[in-house]
**Student:** 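Take a look at this one; I'll ask things after.
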Amino acid sequence: MASQSLDDWYKILQNNPLTERGLPPVEKWNPPLLGDIDIRITRQGTWFHEGDEIKRQPLVKLFSSILKRENDDYFLVTPEEKWRIAVDDAPFFLIDLQVERKGERQALVFSSTTDDRIIADAAHPLRVSVDAESGEPSPYLLVRGGMEGLLSRSVYYQLADMSEMRQMDGKEEAGVSSMDCFFPLY
């Protein structure tokens, strides 16, 4: 049996029904702005409407599927309507990490509170921002449409546990690899 190329493996991982949710084409929708709506996403990915937590997960998943970013603003959009919402940090919160391996290669597959599954790769890079005052790291993964997800502390620790040292731009960097990309963690 012939071995699969990395591209073939990537397609298999991407076509997993848990990875692709069949999201609407929000990037093609450009309705007029109707105003602001009192919806807020916290740093931990909790959605609020008029100060009350939205506890119906199917509703949160629906809203997350029509979320769009334009510059530094976030909107819920349909083909006919566009409403600005507030996002404290990143609109997605990543709570799980699965490591898929094929020989020496690995794919880091992240899951969000809204059931998105994202493979870290060149199109979905990991990055870590360090707060200048506290020194606390905030790790992010590009999810879709210019929108990032904040990694939960436990997922970040899981990455730190599996990190390896590599030479990057003449210095040693601790990081992780996924789909033949290396992502520094500090």
Side-chain angles (χ1 to χ4, degrees), residues 1-28 41 43-46 57 60-62 64-69 74 87 89-131 135-186:
M1 180 175 186
S3 66
Q4 292 175 318
S5 72
L6 184 61
D7 289 337
D8 292 337
W9 183 44
Y10 182 74
K11 287 176 189 169
I12 289 168
L13 289 169
Q14 279 296 99
N15 290 326
N16 179 329
L18 294 175
T19 304
E20 183 56 51
R21 291 181 31 209
L23 297 167
V26 296
E27 68 281 351
K28 296 178 182 177
I41 306 172
R43 183 171 164 86
Q44 292 76 30
T46 305
Q57 190 61 18
V60 170
K61 287 170 32 177
L62 172 66
S64 76
S65 74
I66 60 168
L67 189 61
K68 182 178 182 179
R69 180 179 182 180
Y74 295 89
V87 177
D89 187 352
F92 298 98
F93 192 61
L94 303 168
I95 57 169
D96 188 56
L97 169 63
Q98 298 296 314
V99 181
E100 301 283 339
R101 288 192 172 83
K102 182 172 179 64
E104 294 293 314
R105 295 180 170 140
Q106 70 181 11
L108 302 176
V109 184
F110 296 84
S111 298
S112 74
T113 55
T114 52
D115 292 340
D116 292 276
R117 285 179 44 102
I118 309 97
I119 301 167
D121 60 12
H124 302 94
L126 278 167
R127 73 175 181 88
V128 177
S129 175
V130 178
D131 184 273
E136 183 174 334
S138 292
Y140 299 93
L141 176 72
L142 185 60
V143 175
R144 64 172 181 266
M147 296 181 289
E148 293 182 311
L150 176 67
L151 277 62
S152 68
R153 189 175 303 255
S154 63
V155 169
Y156 184 58
Y157 289 161
Q158 190 177 351
L159 288 175
D161 283 345
M162 61 188 290
S163 68
E164 59 186 85
M165 299 302 288
R166 287 207 186 161
Q167 282 291 112
M168 301 285 294
D169 299 323
K171 62 179 182 175
E172 284 260 279
E173 295 270 0
V176 293
S177 61
S178 180
M179 301 305 292
D180 286 343
C181 296
F182 184 76
F183 303 104
L185 290 180
Y186 308 100

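Please read all numbers here as calculations on a predicted model, not as lab measurements. Scope of the values below: all heavy atoms of this structure, side chains included, with no hydrogens, waters or symmetry mates.
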**Student:** Rounded to the nearest 0.5 Å, how far does CD1 of I118 lie from CG of L142?
**Tutor:** 9.5 Å
**Student:** Using the side chain to side chain donor-acceptor pair (under 3.5 Å) criterion, which residues pair with S152? Sequence neighbours excluded.
**Tutor:**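 So S152 forms a side chain to side chain donor-acceptor pair (under 3.5 Å) with S154.
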**Student:** Charged N to carboxylate O below 4.0 Å: is that the case for E27 and R144?
**Tutor:**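 A salt bridge is absent here (no side-chain N lies under 4.0 Å from a carboxylate O).
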**Student:** Is any side-chain heavy atom of F92 less than 4.5 Å from a side-chain heavy atom of D116?
**Tutor:** yes
**Student:** Please check if the side chain of R69 supplies one atom and the backbone of M147 the other of a donor-acceptor pair under 3.5 Å.
**Tutor:**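 Not at all, since once roles are kept as given, no pair shorter than 3.5 Å links the two residues.
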**Student:** Locate the shortest heavy-atom distance separating S178 from A120; write the atom from each residue and the value.
**Tutor:**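 So the minimum-distance heavy-atom pair works out to OG-O, 2.6 Å.
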**Student:** Within this structure, what is the CG-CE distance for the pair L185 and M162, rounded to the nearest 0.5 Å?
**Tutor:**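 Between L185 CG and M162 CE, I get 9.0 Å after rounding to 0.5 Å.
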**Student:** Let me confirm one number: the CD1-NZ distance from I66 to K61, rounded to the nearest 0.5 Å.
**Tutor:**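 Separation between the atoms: 15.0 Å.
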**Student:** Would you check if there is a donor-acceptor pair between the side chains of R117 and S112 at a distance under 3.5 Å?
**Tutor:** no
**Student:** Please assess R43 against L150 for the test side chain to side chain contact (heavy atoms under 4.5 Å, CB included), listing each intermediate value before the final yes or no.
**Tutor:** CA-CA 8 Å; R43 183 171 164 86; L150 176 67; 3.4 Å; yes
**Student:** Considering all heavy atoms of both residues, which atom of A122 and which atom of P125 are nearest to each other, and what is their separation?
**Tutor:** O-CD, 3.8 Å
**Student:** Checking side chain to side chain contact (heavy atoms under 4.5 Å, CB included) for the pair I41/L67: CA distance, chi angles, key distance, verdict?
**Tutor:** CA-CA 11 Å; I41 306 172; L67 189 61; 4.2 Å; yes
**Student:** Given side chains that start at C-beta, do those of F110 and V155 come closer than 4.5 Å, heavy atoms only?
**Tutor:** yes
**Student:** Any side-chain to backbone donor/acceptor pair from S64 onto T114? Under 3.5 Å, distance only.
**Tutor:**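 Checking the backbone N and O of T114 against the side chain of S64, no donor-acceptor pair under 3.5 Å is found.
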**Student:** With a 4.5 Å limit on heavy-atom distance, are the side chains of L159 and L126 in contact?
**Tutor:**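 Yes; the side chains approach each other to less than 4.5 Å.
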**Student:** Decide yes or no on salt bridge (Lys or Arg N to Asp or Glu O under 4.0 Å) for R105 and E100, but give the supporting numbers first.
**Tutor:** CA-CA 9 Å; R105 295 180 170 140; E100 301 283 339; over 6 Å; no
**Student:** Flag the pair E173 and K171 as a salt bridge only when some basic side-chain nitrogen lies within less than 4.0 angstrom of an acidic carboxylate oxygen.
**Tutor:**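 Salt bridge between E173 and K171, a charged N being under 4.0 Å from a carboxylate O: yes.
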**Student:** Heavy atoms, side chains only, cut-off 4.5 Å: are R166 and S177 in contact?
**Tutor:** yes
**Student:** Please examine the side chains of Y140 and L94, heavy atoms only from C-beta on, and report whether any two atoms are closer than 4.5 Å.
**Tutor:** no
**Student:** Sequence neighbours excluded, which residues qualify as salt bridge (Lys or Arg N to Asp or Glu O under 4.0 Å) partners of E104?
**Tutor:** none
**Student:** Taking all non-hydrogen atoms of both residues into account, name the closest pair between G45 and T113 and its distance.
**Tutor:**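 It is O-OG1, 4.1 Å.
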**Student:** Can you check whether F182 reaches E164 side chain to side chain, under 4.5 Å on heavy atoms?
**Tutor:** yes
**Student:** What distance separates D180 CG from Q106 CD, expressed to the nearest 0.5 Å?
**Tutor:** 10.0 Å
**Student:** Using a 4.5 Å cut-off on heavy atoms from C-beta on, say whether the side chain of S65 contacts that of P24.
**Tutor:**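 A side-chain contact under 4.5 Å exists here.
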**Student:** Just wondering, do L97 and V109 contact through their side chains at under 4.5 Å, heavy atoms?
**Tutor:** no
**Student:** Can you tell me how far the CD atom of Q98 sits from the OG atom of S111, to the nearest 0.5 Å?
**Tutor:**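 It is 6.5 Å, given to the nearest 0.5 Å.
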**Student:** Would you compute the distance between atom CG of L108 and atom CD1 of I119 and round it to the nearest 0.5 angstrom?
**Tutor:** 9.5 Å
